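Quantities reported herein were computed from a predicted structural model and do not represent experimental measurements. Per chain, numbering begins at 1; letters A, B, ... match sequence-line order. For the numbers below, each heavy atom of this structure counts, side chains included, while hydrogens, waters and symmetry mates do not.
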Amino acid sequence: MTEVILSGRGVTKSFRGLTAIENVDFEIPAGAIFGLIGPNGAGKSTLFNLITGYYPLTGGEIRFKGEDTSGLPTYRRNQAGIARAFQISKPFPALTVRENVRVGAMFGRPGGSQPKNVVNEALAIAGLEELADRTAEGLTVGSLRKLEIARAYATRPSLLLADEPCAGLNPIETEEMVNCLRKVRERGTTVWLVEHDMKAVTSVCDRILVIDAGQKIAEGTPQEIVADPKVISAYLGEPLEEQAS
Amino acid sequence: MNRTLALVLGAIIVIAAALLPLWIGPFYTRVAQLFFFSAGMAIAWNILGGFSGYWSFGHTVFIGMGAFSAAHIVHRLGPLGDGPLSMIVPILLAGLICGLFAAILAYPILRLRGIYFAIAMLGVSQVVGELVNNVSWFQGGIGVFLQTPVPSGTTPEDFFYYIFGGLLLLCFLISIAVRNSRFGYALLSIREDEDTAMMLGVATERYKIMAFVLSATLVGIMGSVYGYSVGYFTTYTVFRLDFSLNLIVFCLIGGIGTLFGPIIGTAVMLFITQVLLSRFLDIHLLITGAMVVAIILLMPGGIIGALRSRKRQANQVEPVEAEARA
Ligand SMILES: Nc1ncnc2c1ncn2[C@@H]1O[C@H](COP(=O)(O)OP(=O)(O)O)[C@@H](O)[C@H]1O
Ligand SMILES: [Mg+2]
């Protein structure tokens with residue numbers, strides 16, 4: 001049996017009547033690259049917002065390394081080891097790429113212990129060394145996505161929630177991003193990845209969770225998922241590969 | 001940058017400033033004193049507004065509160081020491097009171113973001129000003145006295161020149177220390193994107209409160225010294241909207257969020273208003289206003305910002321091309 005790093009029981013979130021996440025259970029094994037897929041508006045980003053504590057839960061519980069996370073503010077969850085890369089890049093525009101990453105390195109642990117080379121390591125993993133001294137303002141979409149990962153990685157997480165890191169990237173950049181996530185996992189960080197590009201998801205993920213309209217509809221290996229009739233019908237009318245916005 | 005060079009330059013500037021009153025007259029000593037006072041406060045404003053992005057439109061509340069605190073401490077508690085201590089203790093207590101007030105105020109008010117915080121601070125400064133003016137215990141309407149124990153052989157101009165000069169230096173050193181520390185990075189990340197900062201482990205609430213309390217304490221200390229320097233003041237001498245706004249203008253002109261911006265902005269604006277336009281007092285505000293608009297339109301990053309972007313343009317041709325492949 002592998003260790004479970006993150007688990008959810010009956011996770012539920014409503015926004016004034018609209019139930020965005022309903023009674024979702026999950027168990028993320030440590031060391032995996034786990035997938036999360038579902039049509040637009042299914043609730044994937046909302047689920048990540050619940051895990052990071054950006055929104056409070058309406059019901060259920062989320063445990064990280066066996067501990068209940070409720071009551072922990074967002075910054076403490078990060079210091080405990082949960083990092084997140086945003087779907088819509090949120091750089092610190094006036095700071096350089098290196099400074100962006102340095103913020104993650106400085107605050108990712110309680111008390112601010114900071115190994116000397118973590119900034120460089122994060123820049124290297126994301127392939128951002130050449131752009132390190134540029135301000136984040138004016139970076140291309142591809143570089144901004146890398147920055148999201150580098151900055152999150154610099155907090156030395158044990159779990160990285162990557163919300164559509166490949167959206168809007170061309171095939172070469174998507175390939176780079178997938179490799180980058182593999183490197184993150186090799187260094188001991190579990191990755192939970194939201195991705196629409198089915199080729200990327202099935203090639204990189206060990207297991208995949210599928211949600212639709214806030215509910216879990218399937219979970220399994222990539223082979224099981226692509227063959228699952230419920231998954232196919234959730235995506236019906238929209239070819240799986242062309243979901244990306 | 002070159003540390004030794006900066007230290008040597010800094011030392012030269014400090015020594016030159018220390019000798020300056022020997023050969024400038026009392027008028028320019030007073031202008032310099034006003035410059036030190038204003039630049040020190042602009043730096044303190046910038047720690048909160050420039051570093052963390054929380055613009056306060058009401059920092060005069062700490063000038064007023066500092067000045068009135070010192071006056072009431074002296075009058076109601078009697079002398080709290082001899083010689084210099086009789087002035088130093090009330091000043092430090094005034095700073096402490098302003099810091100405490102900010103700490104209490106921080107909890108509700110720092111949850112407001114952007115313009116809401118700015119306006120809330122404006123409101124706070126108006127309300128506190130009205131209270132000091134109308135609650136007779138505070139004597140804001142009739143005014144209070146603060147007597148300075150000026151050492152014999154010194155003129156009050158020179159005395160306050162050195163005190164405000166020292167305070168400016170203190171604020172500047174604190175600002176440098178903050179900017180280069182973990183605290184400073186926390187503030188910058190809050191300014192750039194508060195939600196992301198949280199997501200990266202930054203205890204945003206705590207650092208915002210720290211910046212607010214630090215800024216308020218420094219302004220409170222300078223406000224109390226200002227009270228001493230004018231000797232007698234009413235509410236309207238120290239709770240002044242134009243104080244609040246000038247601090248912002250000085251930072252904007254020089255370059256908000258930078259270390260030198262507040263000092264340069266203050267120097268430029270005071271030179272224009274106090275020296276160049278001193279003979280045209282009637283159109284002084286008109287010209288100042290027009291200047292502010294012009295500078296902000298032409299140099300959105302202030303003087304420092306304009307210098308930097310010129311440098312960047314020269315340096316950054318290559319990386320832009322490297323980026324273009326995507
Ligand atoms: N802050 C919010 N307030 C109200 N509704 C929200 C909020 N955040 C998300 N939602 C709603 O929750 C649903 C799921 O959204 P989201 O999690 O962004 O989907 P996904 O990331 O899967 O595309 C959508 O219907 C969205 O409108
Ligand atoms: Mg989403």
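Under a 4.0 Å N-O distance rule, the pair B:Lys208/B:Glu194 qualifies as a salt bridge. A:Arg145 has no carboxylate O lying under 4.0 Å from a charged side-chain N of A:Glu173, or vice versa, which leaves the two without a salt bridge. One finds a salt bridge joining A:Lys146 and A:Glu176 here, because a Lys/Arg side-chain nitrogen approaches an Asp/Glu carboxylate oxygen to under 4.0 Å.
Interface check for chain A: of the options B:Asp193, B:Thr204, B:Leu200, the most heavy-atom pairs under 4.5 Å are formed by B:Leu200. If you tally non-hydrogen atom pairs under 4.5 Å between each of B:Gly257, B:Ser189, B:Ala203, B:Gly201 and chain A, the highest count goes to B:Gly201. Note: A:Ala94 leads A:Ala83, A:Pro110, A:Ala94, A:Ala105 in heavy-atom pairs under 4.5 Å with chain B. Contacts with chain A were tallied for B:Thr196, B:Leu188, B:Asp195; B:Thr196 has the most, counting heavy-atom pairs under 4.5 Å.
Cation-pi geometry between A:Lys44 and A:Phe48 is not satisfied (NZ or CZ under 6.0 Å from the ring centre, within 45° of the ring normal).
Heavy atoms closer than 4.5 Å to chain B are found in the backbone of A:Arg109, but not in its side chain. Heavy atoms of A:Thr155 lying under 4.5 Å from chain B belong exclusively to its side chain.
Inter-residue side-chain proximity for A:Arg182 and A:Val204 is flagged as met; some heavy-atom pair is nearer than 4.5 Å.
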